[in-house]
Amino acid sequence: MRRPVGIPPGVAILDVSGTKLTDDDRRRLACPQVGGVILFTRNYESPQQLAQLTQEIHAVRQPPLLIAVDQEGGRVQRFREGFTVLPAMRELGVIWDEDPARARQLSRCTGHVLAAELRTHGIDLSFTPVLDIDHGCSNVIGNRAFHANPQAIGELASSLAQGLRDGGMSAVGKHFPGHGHVTADSHLEQPVDDRPYANIEAHDLVPFRHLIKNGLGGIMPAHVVYSDVDEQPAGFSKIWLQQILRNALGFDGLIFSDDLSMVGAQVAGNIVQRAHAALDAGCDMVLVCNNPQFADELLAGLDYPLPALGKARLMRLRGRSEAESPAQLACNPAYLEAVAAVRAISVKSEELPFYGRNTALPL
């Protein structure tokens, strides 16, 4: 099959159906509206199969599409067999309570292993770290959060981001400005956080501010309404994305929408209207996952080229051009040392604390 050439990246990130590309997958990925692919557990059988799949995706067009995944650690690790088992971020938070320096070192090791193993199999990006605070009420966040202390989150996430850079990958923080204070799961319903902005700024924005100052490649906003600030969810809000994130916090990386197929995004209308609302609000790229009909409707109805600034942000996000082969990685002393450190993390999931609303927070 001849590779289409000269197709600049578009604004949409789509998924694919299985462990190999189908004709429908190839058709969608060749559309000019597409700029990337997100992979899920259903796309994985083995390291060898994954490397072949990413080669297939990169061969569809030139320049190659960005390939991303949610490989956070803990219960959100899409690729397991043949990959190092990564700890839930809360495990690093538990270690922080006893030994902050060791927790930072292990967080950096975790990021290094995460990125190096993905890069050697052709993955450009993982949507991590989670920067949400565990306020004790969100099961969908839960032990995905590092801690209830925003300063601890900022320190640990910065170390993880440094480890990602060690492994050749940028960091993408989520879910701006913080998903941890709502009970509702935005995959299934529309969460509303009614706290005053001053409270959110003093607590939930702290980790984002910390990571932005240390160089954060991307951010994913939450499908959560913060009613004291805007009636629109953050991912559709010019106030959150332009006035606060871009102007007040000085973020100059790429903004990805969260999945527009989620119930929390339905407020913006049909899938094309959702994409326009997110892009008009300030997102650079939009995700549409697990719904082939939505993907086809988006490609048929969306006419929104990725601007030059968005293309520049996307180029900065891509993984290092030369990733190590599996054989090279297996002989890399820094990687092997990081793997040994990660495997030695011994906190068990049933021992992880679930912080309550009354947990004392600084600031």
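Numbering starts at 1 and runs along the sequence shown. Since this is a predicted model, take the numbers as computed values, not measurements. Excluded from the calculations below are hydrogen atoms, water molecules and symmetry mates; all remaining heavy atoms, backbone and side chain alike, are included.
- By the 4.5 Å heavy-atom criterion applied to side chains, H175 and V224 are not counted as neighbours.
- Using a 4.5 Å cut-off on side-chain heavy atoms (C-beta onward), L164 and T128 make contact.
- One N or O on the side chain of S158 and one on the backbone of G154 form a donor-acceptor pair closer than 3.5 Å.
- Here the side chains of K20 and Q49 are not in contact, with every heavy-atom distance at 4.5 Å or above.
- A 4.5 Å side-chain heavy-atom check between S170 and R316 finds every atom pair outside the cut-off.
- Across V288, I271, N291, a single residue satisfies side chain to side chain contact (heavy atoms under 4.5 Å, CB included) together with E297, and that is I271.
- Between P8 and L306, every side-chain heavy-atom pair lies at or beyond the 4.5 Å cut-off.
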Using residues 327-342 as the side-chain source, report each donor-acceptor pair under 3.5 Å to any protein atom, sequence neighbours left out, with the distance given to one decimal.
unit_1 : atom_1 : unit_2 : atom_2 : d
Q328   : OE1    : S325   : N      : 2.9
Q328   : OE1    : S325   : OG     : 3.4
N332   : OD1    : A334   : N      : 2.9
N332   : OD1    : Y335   : N      : 3.1
N332   : ND2    : E324   : OE1    : 3.2
N332   : ND2    : E324   : OE2    : 3.2
Y335   : OH     : E117   : OE2    : 2.6

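- Within a 6.0 Å sphere centred on CG of D303, heavy atoms belonging to other residues, nucleotides or ligands number 12 at most.
- The backbone N or O of A116 lies less than 3.5 Å from no partner atom in the side chain of T120, so there is not a single donor-acceptor pair.
- Looking at D70 and R78, a side-chain N of the basic residue comes within less than 4.0 Å of a carboxylate O on the acidic one, giving a salt bridge.
- Partner of L216 under the side chain to side chain contact (heavy atoms under 4.5 Å, CB included) criterion, chosen from L211, L249, D252, L254: L211.
- Side-chain contact check for M89 versus T110: some heavy-atom pair is nearer than 4.5 Å.
- Inter-residue side-chain proximity for L86 and E72 is flagged as unmet; no heavy-atom pair is nearer than 4.5 Å.
- Counting only N and O atoms by type, the side chains of Q162 and R165 include a donor and acceptor under 3.5 Å apart.
- Of the residues listed (D258, I244, I255, L131), the one engaging F176 in a side chain to side chain contact (heavy atoms under 4.5 Å, CB included) is I244, and it is the only one.
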What's the verdict on side-chain contact (heavy atoms from CB on, under 4.5 Å) for V182 and V192, showing C-alpha distance, side-chain angles and the deciding distance? CA-CA 7 Å; V182 292; V192 177; over 6 Å; no

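- H181 and H135 have perpendicular rings, their planes meeting at more than 60° on a 0 to 90° scale where under 30° would count as parallel.
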Between R195 and D228, does the salt bridge (charged side-chain N to carboxylate O under 4.0 Å, His left out) criterion hold? Intermediate values first, please. CA-CA 7 Å; R195 289 177 296 161; D228 186 57; over 6 Å; no

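- When every heavy atom of L241 is checked against every heavy atom of G235, the shortest pair comes out as CD1-O, 3.8 Å.
- Contact check on D24 versus R27 returns a salt bridge, with a Lys/Arg side-chain nitrogen under 4.0 Å from an Asp/Glu carboxylate oxygen.
- Each of L125, I67, L287, L65 was checked for a side chain to side chain contact (heavy atoms under 4.5 Å, CB included) with I13, and the lone residue meeting it is L287.
- Sorted by first and then second residue, the pairs that involve residues 286-309 and meet ring pair (Phe, Tyr, Trp, His ring centres under 6.0 Å), not counting sequence neighbours, are H276-Y304.
- A side-chain donor-acceptor contact under 3.5 Å links N43 to the backbone of G18.
- Here the shortest heavy-atom pairing between A265 and D259 reads CB-O, 4.4 Å.
- Taking 4.0 Å as the cut-off between side-chain N and carboxylate O, R246 and D284 count as a salt-bridged pair.
- Annotation: side chain of M315 is not in contact with side chain of P9 (no heavy-atom distance under 4.5 Å).
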F79 vs H121, test: ring-ring contact (aromatic ring centres under 6.0 Å, His included). Steps then yes/no. CA-CA 11 Å; F79 312 141; H121 293 93; 8.4 Å; no

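- Surrounding CD of Q273 are more than 12 heavy atoms belonging to other residues, nucleotides or ligands, all under 6.0 Å away.
- Under the 30°/60° scheme for interplanar angles, the aromatic rings of W240 and Y197 are found to be tilted.
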Walk me through whether D166 and R108 qualify under salt bridge (charged side-chain N to carboxylate O under 4.0 Å, His left out). CA-CA 9 Å; D166 293 341; R108 182 169 180 173; 2.7 Å; yes

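- Between P150 and I133, the shortest heavy-atom contact is CB-CD1, 3.8 Å.
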